[in-house]
Chemist: 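One structure, as structure tokens, below. Some questions next.
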Amino acid sequence: MTAALLSIDRLSGGFLGADGGIAPVLDAVSYDLMPGQLTAVVGETGSGKSLTALSVLGIQPPAFRRTGGRILFGGRDLLSLDAAAMRTIRGARISIVFQDARAAMNPVFTVGRQMADVFRLHHGGSARHAMDRAIEALGRVRIPEPERRARQYPHEFSGGMAQRAMIALAALICQPSLLILDEPTTGLDVTIQADIMTLIVELCRDQGLTACLITHDLGVVAETCDAVVVMHAGRVVETGSTEQIFTAPAEPYTRRLLAASQLGEPV
Amino acid sequence: MSDYAVLQVDKLRKIFPLAGGRRLHAVDGIDLTLHAGETLALVGESGSGKSTVARCVTRLIEPTAGDVRINGRSIRPLDSVALASLYREVQMVFQDPNASLNPRLSVRQVLHEPLRLHLAMPRDKREARARALVELVGLAPAHLDRYPHELSGGQRQRVGIARAIAAEPNLVILDEPTASLDVSVRGQVLALLRRLQRELKLAYFFISHDLPVVRHMADRVAVMYLGRIVEIGPTAEIFERPAHPYTRALIAAAPIAQWGVKRDRLRLAGEIGSPVDPPDACRLVGRCPLEQPSCRTAEPALLTVANGHQAACPITLGQSATLGQSALDRPMPSQTAA
Amino acid sequence: MKPLAPLEGLELAEAASAPGATIRTRRRLRLSWSMRIGLGILGVYVTVAMLSVFWTPYDPLAPGVGDSFLPPGQDFWLGTDRLGSDLLSRLMTGAQYDLGITLVAVAVALTLGTILGVIAGYYGGVVDVVLLRGVEMFQAFPGLLFAMLIVKAVGPGVLNIIVVMSFIGIPDYLRLARAEVQARRNWPYAEAARMVGNRAWQVAFLHLLPNSIGPVLAFTSINAAFVALITASLGFLGLGLSPNTPEWGNMIARGQDAVMTGEWWISFFPGLAILGMTGAFYLLGDAISDLTDPRRRR
């Protein structure tokens, strides 16, 4: 067995209440992301799937208090790192794509400029060179007329286009070893969603990226992911290969979730 | 049973004027018929105009042209008093149960309102009926004292459903009723809607972008793209023998939570076009892999594919006639499952 | 090919077990310090105003109850003015005028402005344009200048001042209520209210207004502070009530010469009274907007 790139080890924690108590939301969450694989973390609202992923990047909500556990990335515990060390990991080694790409971009700078700035931050070089890389990345995610698009502002992008640009930024500009995708296609139309998922799978394969897809939708998982982690109410319910989860789910919750997701589909 | 269709939509058009004399054709001449006790789904992506149809049909917004008949009565000439009485017959369940419940009203107040205003029930009768209603939608009488923020998303949607059926309409418009719910709750709410349809003999006009849900719920499906109906037919027909390239692409793209599904790979290029001043051409021009020069010269009309199944694509339909069904014989989406 | 059986069995389970079923949250009104201080000060003003109707140490209108220009002391706690009237008695009675005018004017402006604002915001179209243009013309004049012009035209008197002050307030309430209602007009709950049989006016006033009133109410205290200041300013400029009326602005005007010669108390105490009242209103305004700002709730 190869070693996991990222290993979440019994992560527990909760939200600090007004009375000083901690309302638990994560209960000994453990899962591994294997190098080169696309792993889905699936769960409904309140399952803790996003919170766990945000903790990996150290960008969890301020009210969250960890009560135990480790997050090992390439053998190092991310939770023991100071803010400066974490900054060198965030973006350069681990990057994230959020649900609402347009909200995640700065509205007053052009898309190309924002991507070029991030490129220079991580790799240095001239502004000209960085802009060329940005345009190249936009082309790689199949945005038509990348030169013209790079000069546009986020509000001139449709939701699907903005998400492509976000993926270009997170995967191609940052060149991380781990890419976290937090509900990247939620809120997009199904045809756009299918295109974006195809793109994600292609990029991960071409770049040899390890990726973690956080989603509530088992439908997008079946055709795209290698492994699945099912979460419910702050716990990991079941982990396994995608085939195993879909064809032989072991836990009742997984079976229920699967049945609910397969509504209306011929079996 | 009346002789009329519950809902009859004729050449409905809603055009929003824009700055500079341009016109946004949100709904561009559609015809629909919905019979008593039936579920007709209107499927489309954002920008297709499906929500505008729902609001025109209830005159929450004014249609630009065309006619809408509910139980045989045209809604276009109704004044505000007559409109209020129309809402006894047609009700709506909204997408976001957070936004469709007044945060200051308790569940009791929400349910009393239609009973008082539509049915003019005295208070004690209203209370009894409100209790019956909450139980009908799977809540407890104790929920009557709750406020929306004290309920879960699924419970709020149940309240929205109870409100819609309170005045005993025969047509309920479901505007993406499960789009903002978790999958497990989604199944429960859909089961509730089906049960109510059976028990109360409701006709559903089901607006949705979610194909699995539509397949689960609808008797017939109408597919909408940029203000036009591009295909309409019985649910099984649409899903098993889709004739329009857009329908095929939509079905091909719908996520399926199953292992090893073989599916149609028909993909459209680019993103949805603009509904502003559309040219006299097929609205899928520029995106469609089957496009022919003739697609750019006229807007295709709905052609009959089979009994009750129509599609607005002369290319696929012409091919199937002349080339011995080559286009339609391709293994169609999702059915050849493991 | 048959669809999977839906989760019928779970249906009631969800209804019973969801968190909302057991935990009842209750919105608790926690009084902030600014709220408590503001309310406390206003309480004193109201008490004094009511008390002054029945009792003051001396007759506030009578001249010569003591010598002229007596400094604050044992017999006359706040001293006497040029005519030998008791300053404390006048100050107490003044609360009736300044507080009364302010409260009534604010109530009238709040009511009329909100009603017009809800109409403009809900119905939109021509009604909205007409109301909004009217308001804009109105607001082109600075408030004090406008008040001066009108009072000059219609003459002084408590009622006239109230009318003028209300008029100055209406545009702000109208704009606020209009913006709030307009933002909610197309919300699904407004559409739903329509569909359960409410007439348009019922949707506007019974459903949208209660949800829109927060920022409008928060504004009342800012408006009250403003009205109190303008009322006193009119008095000071001699445009308000008749010169002998113990209104605080009048009283400051009456004492302003004496300040130069060292009799500071005649203008000082009415000034302090105005400062205290407007300050209390501002404190309340802060506290109310904190309460109604959704970002600060919870």
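Below, chains carry the letters A, B, ... as their sequence lines are ordered, and counting in each starts from 1. All of these numbers come straight from a predicted model, not from anything done at the bench.
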Chemist: Classify the side-chain pair C:Q139/C:R175 by whether it contains a donor and acceptor separated by less than 3.5 Å.
Modeler: yes
Chemist: So for B:L60, is it side chain, backbone, both, or neither that comes closer than 4.5 Å to the heavy atoms of chain C?
Modeler: side chain
Chemist: Which atoms of B:A99 come close to chain C, meaning under 4.5 Å heavy atom to heavy atom: side chain ones, backbone ones, both, or neither?
Modeler: both
Chemist: Is the C:F138-C:F167 ring centre distance short of 6.0 angstrom?
Modeler: yes
Chemist: Quick one: are B:L136 and B:E199 in side-chain contact, heavy atoms under 4.5 Å?
Modeler: yes
Chemist: Using a heavy-atom distance cut-off of less than 4.5 Å, which residues of residues 181-200 of chain C contact chain B?
Modeler: C:W187, C:P188, C:Y189, C:E191, C:A192, C:R194, C:M195, C:V196, C:G197, C:N198, C:R199
Chemist: Can any side-chain N or O of B:Q109 pair as donor or acceptor with the backbone N or O of B:L144 at less than 3.5 Å?
Modeler: no
Chemist: Please classify the contact between B:L86 and chain C as side chain, backbone, both or neither, with a heavy-atom cut-off of under 4.5 Å.
Modeler: neither
Chemist: Are B:N71 and B:N170 linked by a side-chain donor-acceptor pair shorter than 3.5 Å?
Modeler: yes
Chemist: Which atoms of B:S85 are under 4.5 Å from chain C, going by heavy atoms: the side chain, the backbone, both sets, or neither?
Modeler: neither
Chemist: Determine whether the side chains of C:E180 and C:N211 contain a donor N or O and an acceptor N or O closer than 3.5 Å.
Modeler: no
Chemist: Among pairs that include at least one residue of residues 164-188 of chain B, which meet salt bridge (Lys or Arg N to Asp or Glu O under 4.0 Å), considering only residues two or more places apart or in two chains?
Modeler: B:K50-B:E176, B:R55-B:D175, B:R129-B:E168, B:R186-B:D210
Chemist: With no hydrogens and no angle check, just 3.5 Å: does a side-chain donor-acceptor pair link B:H118 and B:R88?
Modeler: no
